[in-house]
Amino acid sequence: MGAGAHRAHHRERHRARPAPLSALPIEHRWDRVPGVTLLGDAAHLAAPNGEGANLAMLDGAELGRAIAAHPDDIETALAEYERAMFPRSAEAAADGAELHEILFGDGTPRTLLDMFQGNGQPR
């Protein structure tokens, strides 16, 4: 392969390609299933907002705390964890959806500039 063909191949191989973003509904919940729960993105997949890893670590810590508080009653521990996780993850998902709209919505780049200038900041 000549140098020109190699450069063209490299450009094509490393070209940015749009990819879909997947998210669960902001108020997503599930019915208790005995002995099972979810944490991290499995529990609250949302538009990226920089909080995914933080939420996953917090989920793990909160789940561990609930199990330690109820070592002989895993169902109570899981229910306690989920009661705290659902509202926390809904708030983060709403923030992610708002940020996604600012960055990629119909009003972009104006919405992004407004945010940086302090006009219409996200929650």
Side-chain angles (χ1 to χ4, degrees):
M1 179 182 308
H6 177 70
R7 281 192 296 275
H9 173 74
H10 181 78
R11 273 194 308 274
E12 177 59 25
R13 185 169 172 225
H14 297 285
R15 174 174 67 89
R17 292 177 181 84
L21 290 175
S22 299
L24 293 168
I26 290 174
E27 295 293 331
H28 180 72
R29 299 225 190 308
W30 57 83
D31 294 331
R32 283 278 328 112
V33 174
V36 177
T37 194
L38 299 172
L39 61 150
D41 281 354
H44 40 72
L45 181 63
N49 67 346
E51 292 298 324
N54 294 334
L55 282 174
M57 289 188 292
L58 182 56
D59 286 351
E62 292 293 321
L63 180 56
R65 183 177 292 147
I67 292 170
H70 306 282
D72 298 322
D73 188 356
I74 194 70
E75 288 310 308
T76 297
L78 296 178
E80 181 178 293
Y81 157 73
E82 288 177 0
R83 269 193 304 276
M85 183 269 301
F86 284 131
R88 178 177 65 240
S89 63
E91 181 179 347
D95 289 348
E98 184 176 359
L99 181 60
H100 187 265
E101 184 62 26
I102 288 168
L103 295 174
F104 303 109
D106 292 339
T108 305
R110 172 69 8 215
T111 52
L112 183 60
L113 293 170
D114 286 347
M115 184 187 75
F116 285 137
Q117 293 170 349
N119 308 322
Q121 293 183 6
R123 292 179 290 190

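Sequence positions, counted from 1, serve as the residue numbers for this chain. Quick caveat, the model's predicted, so the values are computed rather than measured.
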Non-hydrogen atoms of Val36 and Leu78 that approach each other most closely: N-CD1, 3.7 Å

Are the side chain of Asn49 and the backbone N or O of Ala92 linked by a donor-acceptor pair below 3.5 Å? yes

For the atom pair CZ (Phe116) and CD1 (Ile102), what is the distance rounded to the nearest 0.5 Å? 9.5 Å

Distance col, row Glu101:CD vs Leu112:CG, nearest 0.5 angstrom, shows 12.0 Å

Working to the nearest 0.5 angstrom, can you tell me the gap between Leu45 CG and Leu38 CG? 11.5 Å

How many angstroms lie between CG in Leu103 and CE in Met115, if you round to the nearest 0.5 Å? 6.5 Å

Only counting residues at least two apart or in another chain, list the ones meeting salt bridge (charged side-chain N to carboxylate O under 4.0 Å, His left out) with Glu82. Arg32

Would you say Leu58 and Arg88 make side-chain contact, with heavy atoms under 4.5 Å? yes

Enter the distance from Leu63:CG to Met85:CE here, rounded to the nearest 0.5 Å. 9.5 Å

Which residues pass the salt bridge (charged side-chain N to carboxylate O under 4.0 Å, His left out) test with Arg110, not counting sequence neighbours? Asp114

Taking a hydrophobic cluster as the set of Ile, Leu, Val, Met, Phe, Trp and Tyr residues connected by side-chain heavy atoms closer than 4.5 Å, whether directly or through intermediates, do Phe86 and Leu24 fall within one such cluster? no

Closest contact, heavy atoms only, Ala47 versus Ala97: CB-N, 4.3 Å

Taken in chain and number order and not counting sequence neighbours, the residues that satisfy side-chain hydrogen bond (donor to acceptor under 3.5 Å, both in side chains) with His100 are none

All heavy atoms of Ala90 vs all of Glu27, minimum pair found to be CB-OE2, 3.9 Å

With a 4.5 Å limit on heavy-atom distance, are the side chains of Asp59 and Tyr81 in contact? yes

Drop me the distance from His44's NE2 to Leu55's CG, to the nearest 0.5 angstrom. 5.0 Å

